[in-house]
Amino acid sequence: MKLQQLRYIVEIERQGLNVSEAAEALYTSQPGVSKQIRMLEDELGIAIFERSGKRFTGVTEPGRVAIDIAQRILREAENLKRACSEFISGESGRLVLATTHTQARYVLPTVVRDFMSRHPDIKLEMHQGNPHQIADWVAAGEADIGIATEALDQAPQLISFPVQQWSHCVIVPEGHPLLAEQPLSLHTLAQWPLITYDNAFAGRSRINRAFERADLEPNIALTALDADVIKTYVSLGLGLGIIAKLAFDPARDQGLVALDAAHLFESNTTRLAVRRGSYLRRFDYDFITLFAPQLDKRSIEMTLQGVGEAWQL
């Protein structure tokens with residue numbers, strides 16, 4: 001039995017049983033993958049995959065057990081490499097962070113600055129995407145740490161920690177009639193064209209839920225992936241913006257006014273996630289505690305080992 005064979009069966013399942021795509025992802029050939037799968041099945045004495053001709057159509061019951069164990073073995077093999085590398089390389093290495101535009105633009109700059117100041121020999125890579133992409137990247141080991149508001153607590157392969165609560169605000173151009181209609185109400189907002197986040201981003205589900213509960217149909221004129229784009233189109237007079245309050249800066253966003261909307265929409269929780277069972281290096285812990293000082297190393301370790309209490313803000 002070889003680790004590479006275990007990688008093949010895990011990747012085949014990850015690619016929806018498509019052997020060609022699994023082979024491409026692993027930079028090898030389809031015939032080679034198929035041969036190694038047959039060899040592994042012969043050695044184990046089971047069929048891992050159900051077949052129709054040469055196609056894989058499903059995972060057998062013993063195959064499910066084999067894949068689950070293979071995933072754990074591969075995680076531990078990766079942990080072994082990471083742990084030994086830490087001792088060999090010391091304060092050098094690579095940290096891959098996956099996050100949303102809002103976090104990268106408005107929350108993380110000072111954290112990244114402080115981290116790079118402390119660890120000048122660590123290469124920090126930042127991948128931006130939507131919360132579901134972030135969850136997938138961390139679960140697949142393509143990112144070490146994920147930070148987002150949505151999706152991370154729904155992925156069983158991840159352990160996530162709540163780190164920050166925030167609310168939405170409504171932004172309007174200076175002199176807008178809405179400024180005279182205080183306090184804000186959902187009924188009033190529903191009468192205007194609205195510009196807000198795409199459904200996968202920044203608490204959009206809570207915005208939708210608020211209007212649904214009030215039995216109102218919002219006029220969503222435009223959606224965007226980040227607050228900067230939303231503010232641009234609000235400045236052009238195309239609608240009212242609903243954005244994360246943390247994404248508004250009066251000094252930078254001149255010509256716009258932010259109106260508090262915490263009473264209209266549920267608060268949102270930013271979460272930090274790591275892959276379940278992963279080995280965290282010293283500089284991983286350092287980044288986490290810079291971003292969320294309430295998370296100490298001992299408590300994180302206990303949670304990763306399954307002996308700590310669930311974190312709450």
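For the pair Thr232 (side chain) and Asp228 (backbone), a donor-acceptor distance under 3.5 Å is present.
With sequence neighbours excluded, no residue forms a ring pair (Phe, Tyr, Trp, His ring centres under 6.0 Å) with Tyr106. For Thr28, there are no side-chain hydrogen bond (donor to acceptor under 3.5 Å, both in side chains) partners at least two apart in sequence or on another chain. Shown here are the side chain to side chain contact (heavy atoms under 4.5 Å, CB included) partners of Asn219, two or more places apart in sequence or in another chain: Pro193. Under the rule for a side chain to side chain contact (heavy atoms under 4.5 Å, CB included), the partners of Leu44 that lie at least two apart in sequence or sit in another chain are Met1, Leu40, Ile46, Ile48. The ring pair (Phe, Tyr, Trp, His ring centres under 6.0 Å) test applied to Phe115 returns His119, Phe287, not counting sequence neighbours. Residues satisfying the side chain to side chain contact (heavy atoms under 4.5 Å, CB included) test with Arg276, not counting sequence neighbours, are Ile159. For Gln71, there are no side-chain hydrogen bond (donor to acceptor under 3.5 Å, both in side chains) partners at least two apart in sequence or on another chain. In terms of the side chain to side chain contact (heavy atoms under 4.5 Å, CB included) criterion, residue partners of Gln191 (sequence neighbours excluded) are, by chain and number, His187. His176 is linked by a ring pair (Phe, Tyr, Trp, His ring centres under 6.0 Å) to Trp192, counting only residues two or more places apart in sequence or in another chain.
Looking at Arg14 and Glu142, a side-chain N of the basic residue comes within less than 4.0 Å of a carboxylate O on the acidic one, giving a salt bridge.
In the model, Ser185 has a side-chain atom that pairs as donor or acceptor with a side-chain atom of Thr188 under 3.5 Å.
Contacts classified as ring-ring contact (aromatic ring centres under 6.0 Å, His included) and involving residues 21-72 (residues at least two apart or in different chains) are given here: Phe49-Phe56. Among residue pairs with one or both ends in residues 224-275, those qualifying as ring-ring contact (aromatic ring centres under 6.0 Å, His included) are His168-Phe265; sequence neighbours excluded.
Of the listed residues (Glu11, Gln5, Gln4), just one forms a side chain to side chain donor-acceptor pair (under 3.5 Å) with Arg7, and that residue is Gln4.
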| request: Start with the C-alpha gap between Arg281 and Asp144, add the side-chain angles, then the distance that decides, and say whether salt bridge (Lys or Arg N to Asp or Glu O under 4.0 Å) holds. | output: CA-CA 10 Å; Arg281 300 154 297 187; Asp144 301 304; 3.3 Å; yes

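Residues Leu290 and Val274 share a hydrophobic cluster, clusters being chains of Ile/Leu/Val/Met/Phe/Trp/Tyr side chains in contact below 4.5 Å.
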Considering only distance and modelled atom types, tabulate donor-acceptor pairs under 3.5 Å from the side chains of residues 207-214, sequence neighbours left out.
from	atom 1	to	atom 2	distance (Å)
Asn208	OD1	Arg204	NE	2.8
Asn208	OD1	Arg204	NH2	3.4
Asn208	ND2	Asn199	OD1	3.1
Arg209	NE	Glu266	OE2	2.8
Arg209	NH2	Glu266	OE2	3.1
Arg213	NH1	Glu266	OE2	3.4

